[in-house]
Amino acid sequence: MSELPKTYEPQAIEEKWYAQWLADGCFDAHPERVSPSRPAYSIVIPPPNVTGVLTLGHVLNNTIQDILARRARMLGKEVLWLPGTDHAGIATQTVVERTLKKSGAIRHRDDLGREKFLEKVWEWKEKHGGIIIQQLKKLGASCDWKRERFTMDPEYSACVQQVFADLFRKGAIYRGKRMVNWCPVSRTALSDEEVVMKSQSGALTHFRVEIAERPGTFLTIATTRPETIPGDTAIAVNPNDPRYQEYIGLHAVRPLPRELPQAERLVPIIADTHVEFGFGTGVLKVTPAHDKADFEIGQRHGLAAVDIMHPDGTMNALAGADLAGLDRFEARKVAVALLTELGLLDKEEPHQNNVGYSERADVPVEPRLSSQWFLRYPATEASREVVRSGKMRFFPERWSKVYEHWMENLQDWCISRQLWWGHRIPVWYFRGTDAEAAHKAVGHAVPPEAVRQLEDGSIAYCGLEAPADLAQWEQDGDVLDTWFSSWLWPFATMGWPENTQTLKAFYPTTDLVTGPDIIFFWVARMIMAGFEYMGERPFDNVYFTGIIRDKQGRKMSKSLGNSPDPLDLIAKFGADALRFGVMRSAPLGQDVLFDEKNVELGRNFCTKLWNAARFRQMQAGSPEAEIRSELLTTDDKWILLRLDTAILEVSTALDEYRFSDAAQTLYRFFWSEYCDWYVEAAKASLNSGNEGIRENTLAVMDFVLAHALRLFHPFLPFITEELWHGLGFHQDLPEEQGGRSLMQAPWPKPLGADFHAHYGLLPEDEARAQARFDVVQAGRGLRRDFNLPSNKRVPFVLQATAPLSEHDLEVIRILLNAESLQNADDAWSPSRGTPSSLTPLGNLYLPLDGLVDVAAERERLGKEITKIEQELVKVRAKLSSETFVSGAPANVVAEHRQRESDWNARLGEIRRIAEALAG
RNA sequence: GGGCAGUUAGCUCAGCGGUAGAGCGGCUCGUUUACACCGAGUUGGUCGGGGGUUCGAUUCCCUCACUGCCCA
C-alpha cells in the first residue's frame with residue numbers, strides 16, 4: 001500500500017473509482033439472483049427533464065436514492081436503481097423553439113412545420129440530452145446505467161399508446177368541449193396542476209349598464225376583466241339579494257362592442273345562487289367563454305358562449321372593432337378608456353386577486369372553451385386504500401393527508417396538448433358519418449369499442465395500428481401530456497406489458513424519493529396506473545424531500561441567481577463533500593436552507609477522515625490484526641462501545657429515513673469521539689514502548705476504521721473506497737464481500753452480546769473513560785483560567801479518590817499536555833492558593849510555585865460557588881415543596897436528593913479550598 | 001376562506017414531561033511529530049405571546065400572533 005498524500009484530492013480519485021465500479025458491474029441489477037436470502041430492493045429515479053442540467057434539488061434527491069441503494073447492497077440485497085430521462089413536452093419544446101427563434105432561424109414553429117421541427121428537437125435531445133446523466137455520474141449515483149430509459153424510447157412510447165387505447169376502449173378517456181386552462185404563449189391546453197396561482201395587484205373596474213326596459217336606470221358591475229365585456233351573454237345577481245330582485249328577468253344593455261345596434265347588445269339579467277353578495281356590487285357579468293365559473297352559470301341558464309379571443313391571447317373580430325387585434329392586456333386598458341368615453345365608468349379601485357399562471361411560460365392562463373381529451377382516473381379506490389391502510393407509507397406521514405384530499409376531489413385530467421413534441425394521440429377521425437362504415441374502414445380487425453362516436457358527432461377510431469386506408473381518416477394532431485407517459489414509469493421501464501423477469505423481481509419498487517411538489521403530477525397518478533395495469537402498488541414507501549432554498553429561505557431560481565451550480569461545488573469541494581454537506585442539513589420533512597458553508601464542512605470532514613487514516617498508516621503494522629481482550633485499555637473499550645452505539649444509531653436513523661440524523665451521528669462519532677479523544681488517548685499506548693499494547697491499539701484502530709468506512713460509504717462513496725484500499729482493508733476478503741469494492745462489503749451489525757462478553761466490555765467502562773475525560777477538561781479549564789498557554793508544559797497533581805493505573809495517568813498527562821502528573825495521596829497538601837478543581841476522580845491541582853495569583857483564584861472559586869449555589873437553590877426549592885415530594889415518582893425524588901447532596905459536597909469542598917486560600 | 005408546517009444561542013437546527021444541547025459563527029490561546037480544511041478553551045437562550053392540564057411544561061392541550069407552503 002502506497003503512502004497516502006497529505007491532502008485529499010477528490011477529482012482524480014472520484015473519476016478513478018467511478019470508472020472502476022462501472023467496469024466491475026457493481027451497479028448492475030440481476031433479477032435472476034433474487035431469492036429469499038437475497039431480497040430485491042428497487043428504486044426508479046424520478047426522471048429528470050432530458051434537456052435539464054443538474055440542480056441542488058437533484059443533488060438532494062439523488063444522493064438520498066444513492067444512500068438507500070448503496071446501503072441496500074451492503075445489506076445483501078439485490079439492488080436495482082433504474083435511471084432515465086423524461087421528454088418533458090412543453091419544457092423541451094419551449095426551450096428548442098426559443099433557441100431557434102433567438103438564432104433567427106424561425107419566427108414561429110409553424111415556419112418549419114411539424115416534421116422539420118421535430119427533427120430539430122431530436123437533434124437538440126441528442127446533443128444536450130445526456131448532460132444530466134453525466135452529471136449524476138459525477139455525483140456518484142450508482143444507477144444501473146445499462147437500463148437507462150427515455151419516455152420517448154420506441155418501447156416506452158408503445159406502452160403509452162397501449163394505455164391510451166386501453167383507457168379509450170374502457171370509456172375512461174373521452175373527448176369533449178370544456179373549459180380548459182389555455183396557455184396563450186405555448187398555445188396549448190394545460191392540466192389544472194400545471195397552473196400556479198399567483199397573487200396580483202390589479203384593478204377592479206366599476207361600470208354601469210342601463211336596464212333596457214327602464215331607460216335611465218343603471219346597475220353597476222365590478223369586474224377585473226373589462227376586456228371580456230363583448231363576450232358577456234348575461235348579467236347575474238343572487239336571487240336572495242334584495243337590492244336586485246326587481247331586475248331579474250329584465251335586460252341590460254352591454255356597452256361593447258359599441259358599433260353594434262343596441263338590440264344586439266341586450267343581455268338577460270338572471271338569478272344564480274352562486275353570485276356572491278359581497279363581491280364588488282353583487283352584480284356579475286357572465287362571460288361563459290372566458291371564465292370557468294361563468295361557463296357553469298351559462299350551462300345552467302342555457303347561455304351562449306361567445307369566444308372573443310384568438311388562441312394567442314389577442315382579441316378577435318367578435319370583440320368589436322375597437323379591441324380586435326389587441327393583446328388581452330392592451331385590450332383591458334382600451335376597454336376602460338371606451339367605458340370612460342361612453343360615460344359608463346364609475347371608478348377603478350386597486351384590487352388584489354389570484355390569477356392562474358402557466359407554470360412553464362409564466363403568463364396568466366386564459367380559461368378557454370376548447371375540445372380536448374380527458375381522462376376519468378382509474379383505480380381510484382385501491383389507490384386511496386393503499387395509503388389509508390398504511391400498506392404504502394409516506395415519509396413524512398403528513399403528505400398522506402394532502403394525497404387523500406386531492407384523491408377525494410379528483411377532476412378529470414385534460415391529457416391532450418396542442419404541441420408537437422410528445423406522444424401523438426393514437427386516434428383517427430373518420431371522414432364520414434356512418435359508424436358502421438367507419439368500423440369497416442379501419443381495415444383490420446378491431447373490437448367494437450375501438451370505434452366510437454364522440455360528443456360532437458364525429459367518429460373516432462383508437463388503436464395502436466393506423467387505419468389501413470388513411471385517405472378516409474385523419475389522425476388527431478395533438479400529443480399527450482408528458483405526465484401521461486411518466487405515470488407509467490415504474491413498470492414501463494421494466495419491460496411491461498411483457499411479464500419480464502425484471503418486473504417479477506423488482507415490482508413493486510421499494511422506495512420512491514421525490515419532491516412534494518409533484519405529489520399530484522406524478523406520485524398519485526403512478527399509484528393509480530400501478531393498480532390499473534399491474535394490479536399492485538408501484539412502491540412500498542414514498543420519501544418526500546424538502547425543497548432546496550437559499551440561506552434566506554428563498555426558492556432557488558434562475559432569475560434570482562441564487563442557485564449554485566452543483567458541478568462547480570463538486571469541482572471545488574468534491575462530490576463526497578457536497579453529498580455530506582447537503583445530507584447533514586436536510587432533516588426529514590423540512591426544507592433545506594442551502595449554504596455553501598455546509599459543503600465546506602463536508603470537505604473539512606473528508607479531510608479529517610483522510611488524515612485520521614493517514615495517522616493510522618504512519619504507525620505501520622499489518623492491517624486488522626486480532627484484538628487481544630486482555631490488552632484492552634480503558635480507552636479501547638470506550639471507543640468500541642461508542643462504535644457500537646454509532647452503528648446502532650446510524651442503522652436506526654437510516655431505517656427511518658432520518659438521513660441528517662445519521663450524518664450527524666457519523667460526524668460526532670468520528671470527529672468528536674474517535675479523533676478528538678480516542679486517537680489522542682491512544683498516543684499513550686502507541687508511545688508506551690510496549691509492543692503488545694501498541695499492536696493491540698492498532699488492531700482496535702483498524703477495527704474501528706474498517707467499521708467506520710463501511711458506515712460512511714453510502715454518504716461518502718469515493719473517499720471511503722479509496723481509504724478502504726489505501727489502508728489495505730480489502731486484503732484477505734472474499735471478492736464479493738469487500739475484497740473488490742467497499743460497496744460490496746457487508747453493512748456493520750451492532751457488536752452484540754458475545755462480542756461484549758468476549759472483550760469484557762461493560763457499561764461502566766464508558767463512565768470510567770468519561771471520568772478521565774472530565775479530569776482532562778477540568779485541567780484544561782485551570783490552564784485557561786490562569787492564562788497558561790496550551791503549549792506550556794506544566795505539572796499537575798491529582799489527588800485520586802480511587803486507584804488509577806499508570807497507563808490511565810499517562811493518558812491524562814498526555815491529554816493535558818502536562819509536564820508531569822503526580823498521583824498524590826491524602827497526606828499531600830497543596831501550598832496555599834494552589835488552583836484546583838474537583839473532578840469525578842478527585843481533586844486536580846495545578847501547582848504554580850511563585851506564579852500563584854491568589855486574587856484570581858479566589859475570584860474563580862467565587863464564581864464557581866455562586867454557580868453551585870444557584871443550582872442548589874433550584875433543587876432545594878423543588879425538594880422543599882410538599883406537593884413535589886409526595887406527588888412525583890419516588891425515583892425522581894431520589895434523583896433530586898442525590899443531586900442536592902452532590903452539589904452540596906462539591907460546595908463544601910470548594911469552600912474548604914477557598915478558606916485555605918484566604919488563609 | 002380551508003389545510004399543513006414552523007417559531008429554542010448571532011445563524012442553521014436537535015431535544016418533545018423531570019439539571020436547556022449540537023454544528024457553524026464570535027472571542028482567547030496554541031505551528032504539543034494525522035490534520036490550521038487543525039487543536040484547546042470560552043462566549044451566547046426568562047425555548048414567539050397568553051391561558052390551561054400537571055407535583056413539575058421548551059416538551060401535552062387551548063388560544064393568539066407572525067413566517068412559509070398547499071388547496072379553494
Side-chain angles (χ1 to χ4, degrees), chain A residues 4 6-8 192-193 196-197 293 354 356 396-402 404-406 408-409 516-517 519-520 546-547 549 551-555 573-574 577 581 584-587 589-595 597-619 658 660-661 663-665 667-668 671-672 675-676 679-680 683 686-687 776-785 787-793 814-819 870-872 874-875 877-879 881-889 891-893 895-896 898-900 902-903:
Chain A
L4 296 167
K6 187 166 171 179
T7 336
Y8 174 55
D192 295 342
E193 288 69 33
V196 287
M197 300 308 285
N354 284 323
E397 205 280 327
R398 64 189 152 86
W399 290 110
S400 59
K401 272 182 250 166
V402 178
E404 175 64 20
H405 184 255
W406 189 76
E408 216 179 305
N409 297 287
D517 47 338
I519 184 168
F520 309 135
I547 309 268
R549 300 170 178 282
K551 53 182 162 181
Q552 282 127 48
R554 299 175 304 180
K555 258 190 173 174
F573 298 108
R584 201 176 151 282
S585 54
Q590 274 188 266
D591 288 353
V592 184
L593 300 194
F594 181 82
D595 186 340
K597 279 245 182 296
N598 292 324
V599 187
E600 212 173 303
L601 179 133
R603 189 264 323 259
N604 294 354
F605 187 74
C606 289
T607 307
K608 191 72 181 177
L609 193 57
W610 186 259
N611 279 302
R614 278 183 70 223
F615 178 76
R616 164 63 190 90
Q617 196 183 46
M618 291 164 90
Q619 306 304 318
R658 290 182 288 111
S660 64
D661 289 345
Q664 293 277 23
T665 296
Y667 187 91
R668 185 210 67 219
W671 200 314
S672 308
C675 291
D676 287 350
V679 173
E680 294 307 316
K683 285 176 183 171
L686 297 173
N687 300 330
V776 171
Q777 273 176 325
R780 286 168 177 169
L782 285 175
R783 227 185 224 288
R784 163 77 194 139
D785 290 334
N787 284 323
L788 295 172
S790 43
N791 63 337
K792 186 166 170 73
R793 314 198 98 212
I814 287 179
L815 293 176
L816 278 174
N817 191 31
E819 181 183 48
Q870 281 169 354
E871 294 296 337
L872 273 170
K874 275 200 271 182
V875 74
K878 275 199 160 181
L879 285 169
S881 152
E882 180 51 36
T883 50
F884 173 74
V885 179
S886 58
N891 64 321
V892 173
V893 177
E895 189 205 308
H896 281 251
Q898 181 63 46
R899 203 185 296 163
E900 190 209 5
D902 286 351
W903 283 122

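Given the structure is predicted, the values throughout are model-derived calculations rather than measurements. Convention: sequence-line order gives letters A, B, ...; per-chain numbering from 1.
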Trainee: Contact class for A:Leu601 vs. all strands (heavy atom < 4.0 Å): base, sugar-phosphate, or nothing?
Mentor: sugar-phosphate
Trainee: Send over the distance from A:Ile814 CD1 to B:U33 C1', rounded to a whole Å.
Mentor: 13 Å
Trainee: Can you identify which nucleotide, out of B:C38, B:U32, B:A34, has its nearest atom closest to the A:Trp671 side chain?
Mentor: B:C38
Trainee: Between B:C70 and B:U54, how far apart are the P atoms? Round to whole Å, please.
Mentor: 41 Å
Trainee: Would you say A:Lys792 places a side-chain N or O within less than 4.0 Å of OP1 or OP2 belonging to B:A40?
Mentor: no
Trainee: From the list B:U19, B:C4, B:G18, which nucleotide is the closest neighbour of the side chain of A:Lys878?
Mentor: B:G18
Trainee: For atom P, what is the distance between B:C61 and B:U7, given to the nearest Å?
Mentor: 14 Å
Trainee: Using the C1' atom as the point on both nucleotides, what is the distance between B:C27 and B:G68, in whole Å?
Mentor: 35 Å
Trainee: Which part of the nucleic acid, if any, lies within contact of A:Lys608, taking any heavy atom under 4.0 Å across all strands shown: a base, the sugar-phosphate backbone alone, or nothing?
Mentor: base
Trainee: Nearest of B:G18, B:A34, B:C70 to any side-chain atom of A:Val679?
Mentor: B:A34
Trainee: Base, sugar-phosphate, or nothing: which does A:Pro516 touch, judged by heavy atoms less than 4.0 Å apart?
Mentor: nothing
Trainee: Run through A:Leu593, A:Val599, A:Asn598 and flag the one making a side chain to side chain contact (heavy atoms under 4.5 Å, CB included) with A:Asp595.
Mentor: A:Asn598
Trainee: Figure out the CD/P separation between A:Glu882 and B:G56, and round it to whole Å.
Mentor: 13 Å
Trainee: Check every atom of B:G18, B:C4, B:A34 against the side chain of A:Arg614 and return the nucleotide holding the closest atom.
Mentor: B:A34
Trainee: Whole-Å distance between B:C37 P and A:Phe573 CZ?
Mentor: 12 Å
Trainee: Report yes if a donor N or O on one partner sits less than 3.5 Å from an acceptor N or O on the other, where the partners are the side chain of A:Thr607 and the base of B:C37; otherwise report no.
Mentor: yes
Trainee: Please state the P separation for the pair B:U59 and B:G1 - nearest whole angstrom.
Mentor: 28 Å
Trainee: Tell me what A:Arg584 touches on the nucleic acid: a base, only sugar-phosphate, or nothing, going by heavy atoms under 4.0 Å.
Mentor: sugar-phosphate
Trainee: Take atom C1' in B:U19 and the same atom in B:G56, then report the distance between them in whole Å.
Mentor: 13 Å
Trainee: What's the closest nucleotide to the side chain of A:Asp676 if the choices are B:A20, B:C55, B:G39?
Mentor: B:G39
Trainee: If you assign A:Ala613 and A:Phe605 each to the RNA chain B nucleotide with the nearest heavy atom, which residue ends up on the more 5' nucleotide?
Mentor: A:Ala613
Trainee: Classify A:Cys606 by what it touches in the nucleic acid, base, sugar-phosphate, or nothing, heavy-atom distance under 4.0 Å.
Mentor: nothing
Trainee: Under the 3.5 Å rule, do the base of B:C4 and the side chain of A:Lys401 count as making a donor-acceptor pair?
Mentor: no
Trainee: Verify the contact: side-chain N or O of A:Lys683 to OP1 or OP2 of B:A34, cut-off strictly under 4.0 Å; return yes or no.
Mentor: yes
Trainee: Between B:U63 and B:G2, how far is it from one P atom to the other, in whole Å?
Mentor: 13 Å
Trainee: Should the pair A:Tyr8 and A:Trp610 be assigned to parallel (<30°), tilted (30 to 60°) or perpendicular (>60°) ring geometry?
Mentor: tilted
Trainee: Roughly, in whole Å, what's the span from NZ in A:Lys874 to P in B:A57?
Mentor: 14 Å
Trainee: Does A:Glu600 or A:Val402 map to a spot on RNA chain B nearer the 5' end, using the closest nucleotide for each?
Mentor: A:Glu600
Trainee: Can a donor-acceptor pair be found, under 3.5 Å and without considering hydrogens, that links the side chain of A:Ser585 to the backbone of A:Gly581?
Mentor: yes
Trainee: Taking the same atom, C1', in B:U32 and in B:G17, what whole-Å distance lies between them?
Mentor: 46 Å
Trainee: Which nucleotide, B:C37, B:G18, B:A34, lies nearest any side-chain atom of A:Asn611?
Mentor: B:A34
Trainee: Could you work out which one of B:G25, B:G18, B:U32 sits closest to the side chain of A:Val892?
Mentor: B:G18
Trainee: Considering every strand shown, what is the Watson-Crick or G-U wobble mate of B:U67 when both distances are under 3.5 Å?
Mentor: B:A5
Trainee: Could you tell me whether the side chain of A:Arg780 and the main chain of A:Leu815 form a donor-acceptor pair under 3.5 Å?
Mentor: yes
Trainee: Identify whether any heavy atom of A:Arg780 sits under 4.0 Å from a base atom; if not, whether one sits that close to sugar-phosphate; answer base, sugar-phosphate or nothing.
Mentor: sugar-phosphate
Trainee: If you check every side-chain atom of A:Trp903, which of B:U32, B:C38, B:U19 has the closest atom?
Mentor: B:U19
Trainee: Expressed as a whole number of angstroms, how long is the span from A:Leu686:CG to B:A34:C1'?
Mentor: 12 Å
Trainee: Report the distance from atom CD of A:Glu900 to atom C1' of B:G18, rounded to the nearest whole Å.
Mentor: 16 Å
Trainee: Counting distance alone, no hydrogens or angles: does the base of B:C37 have a donor or acceptor under 3.5 Å from a partner atom on the side chain of A:Arg603?
Mentor: yes
Trainee: Tell me whether the guanidinium CZ or amine NZ of A:Lys683 lies under 6.0 angstrom from the six-membered ring centre of A:Phe615 and within 45° of its axis.
Mentor: yes
Trainee: Does B:G56 sit syn or anti, given that only angles within 90° of 0 count as syn?
Mentor: anti
Trainee: Grab the two heavy atoms, one from A:Ile814 and one from A:Glu680, that are nearest each other, plus how far apart they are.
Mentor: CG2-O, 4.2 Å
Trainee: Look at the side chain of A:Glu895 and decide which nucleotide, out of B:U19, B:C55, B:A34, has an atom nearest to it.
Mentor: B:U19
Trainee: Does a nitrogen or oxygen in the side chain of A:Gln664 sit under 4.0 Å from OP1 or OP2 of B:A22?
Mentor: no
Trainee: Compare the minimum distances between each of B:A72, B:A5, B:C13 and the side chain of A:Asn354, then state the nucleotide with the smallest one.
Mentor: B:A72
Trainee: Does the structure show a Watson-Crick or G-U wobble partner for B:G39, both distances under 3.5 Å? Name it, or say none.
Mentor: B:C29
Trainee: Calculate the interatomic distance between A:Arg668 atom CZ and B:C24 atom P; express it in whole Å.
Mentor: 15 Å
Trainee: Could you please name the partner base of B:G23, counting Watson-Crick and G-U wobble pairs only when both distances are under 3.5 Å?
Mentor: B:C11
Trainee: Atom CZ of A:Phe884 to atom P of B:G17: distance rounded to whole Å?
Mentor: 17 Å
Trainee: Using a 3.5 Å distance criterion without hydrogens, assess whether the side chain of A:Arg584 forms a donor-acceptor pair with backbone atoms of A:Tyr667.
Mentor: no
Trainee: Please name the nucleotide paired to B:A57 by Watson-Crick or G-U wobble geometry with both distances under 3.5 Å, or report none.
Mentor: none
Trainee: How far, in whole Å, is B:G26 from B:G44 if one measures between their C1' atoms?
Mentor: 9 Å
Trainee: So, under a plain 3.5 Å distance rule, would you say the side chain of A:Glu680 forms a donor-acceptor pair with the base of B:A34?
Mentor: yes
Trainee: Does a side-chain N or O from A:Arg899 land closer than 4.0 Å to OP1 or OP2 of B:U19, or not?
Mentor: yes
Trainee: Between A:Glu600 and A:Asn604, is there a side-chain donor-acceptor contact under 3.5 Å, judged purely by atom types and distance?
Mentor: no
Trainee: May I ask you to test the A:Phe884-A:His896 pair for a side-chain heavy-atom distance under 4.5 Å?
Mentor: yes
